[in-house]
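These numbers come from a predicted model, not from an experiment.
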Amino acid sequence: KVKEGELEEESGKLIWSFDIATKGSKDLTEVAVDAITGEVVSVTTETPADQAKEKAEDANKGGKDDDKNDKI
């Protein structure tokens, strides 16, 4: 199940970033897709600890979305 998707700029490229949950697992699979070509550029696994760290980092940014981070 796709939990979240957002358009973001990473290393000068626009990418779609999707967090996908798998039934029976607390880990999320993060899939990054080039927004122009549709090419999958990375697939990583985030543990609950990774997710908490990312959430804390986002909170430290003030919780503000900018033009580069549009959640779907």
*asked:* Show, in sequence, the C-alpha distance, side-chain angles and deciding distance for Val43 and Thr29, and conclude whether the side-chain contact (heavy atoms from CB on, under 4.5 Å) test is met.
replied: CA-CA 7 Å; Val43 178; Thr29 301; 3.6 Å; yes
All heavy atoms of Gly38 vs all of Val33, minimum pair found to be O-CG1, 3.4 Å
Next item on the list: Using the side-chain contact (heavy atoms from CB on, under 4.5 Å) rule, take Leu28 and Gln51 through it: C-alpha gap first, then chi angles, then the decisive distance, then the call.
Entry: CA-CA 8 Å; Leu28 289 178; Gln51 295 166 42; 3.6 Å; yes
Q.
Given 3.5 Å as the limit, does a donor-acceptor pair link the side chain of Glu6 with the main chain of Ile15, or not?
A. no
Hits for side chain to side chain contact (heavy atoms under 4.5 Å, CB included) against Thr47, two or more places apart or cross-chain, chain-then-number order -> Asp27, Ala49, Asp50
When rounded to the nearest 0.5 Å, the distance separating NZ of Lys55 from CG of Asn60 is 13.0 Å
Does one hydrophobic cluster hold both Val2 and Leu7, with members joined at side-chain heavy-atom distances below 4.5 Å? yes
Shared hydrophobic cluster for Trp16 and Leu14 (ILVMFWY, side-chain gaps under 4.5 Å):
yes
Review point. Do the non-hydrogen side-chain atoms of Val31 and Ile20 ever get within less than 4.5 Å of each other?
Key: yes
